[in-house]
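We count residues from 1, following the sequence as given.
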Amino acid sequence: MTIALTLLLTSTLVGLATSLYFRVWTLMLVSPLIAVLAAIVLQSDGYAFATGAPIVVACLVFNQIAYLIGAVLSPDHDGSMAEEVDGIPRGRREH
């Protein structure tokens, strides 16, 4: 049980750190890494697929939620994710 809680806490902290330093596209790299590393750790600790898979999914969910919370609370947050998606520069950046 300690392993599962440690994985959840670590994935949450990684999501928060990712939101503070990187853009949303970085999650495409971070999420598979979290899933693979969590599966390796759980498998090496003796978890079966039926108990390990929900923990891996929970790690990914916690990562995504922490990213969203960190992005909203970030000082650079301007209230709109549309600028992040469509590539239009913010008011303080040049084209």
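Between Ser19 and Ile69, the closest side-chain pair of non-hydrogen atoms is not below 4.5 Å. Within the 4.5 Å cutoff, no side-chain heavy atoms of Thr10 are placed close to those of Leu37. Annotation: side chain of Tyr67 is not in contact with side chain of Val14 (no heavy-atom distance under 4.5 Å).
Hydrophobic cluster membership of Leu9, counting Ile, Leu, Val, Met, Phe, Trp and Tyr whose side-chain heavy atoms lie under 4.5 Å apart directly or via other members: Leu13. Other residues sharing the hydrophobic cluster of Val36, ordered by chain and number and joined by side-chain separations under 4.5 Å: Ile40. By the 4.5 Å side-chain criterion applied to Ile, Leu, Val, Met, Phe, Trp and Tyr, Leu29 is assigned to no cluster and stands alone.
Evaluation of the side-chain hydrogen bond (donor to acceptor under 3.5 Å, both in side chains) rule for Gln43 yields no partner, not counting sequence neighbours. Residues meeting the side-chain hydrogen bond (donor to acceptor under 3.5 Å, both in side chains) test with Thr12, sequence neighbours left out: none. The side-chain contact (heavy atoms from CB on, under 4.5 Å) search around Phe22 returns Thr18, Thr26, not counting sequence neighbours.
The shortest non-hydrogen separation linking Ile55 to Ala4 is CD1-CB, 3.8 Å. Minimum heavy-atom separation, Gly70 to Leu16: CA-CD1, 3.7 Å. In plain terms, the two heavy atoms of Ser31 and Leu60 that are nearest each other are O-CD2, 3.3 Å. Of all heavy-atom pairs spanning Cys59 and Leu8, the tightest one is N-CD2, 3.6 Å.
Interatomic distance, Leu33 CG to Asn63 CG, rounded to the nearest 0.5 Å: 10.5 Å. One finds the OG1 atom of Thr51 at 7.5 Å from the CG atom of Leu42 (value rounded to the nearest 0.5 Å).
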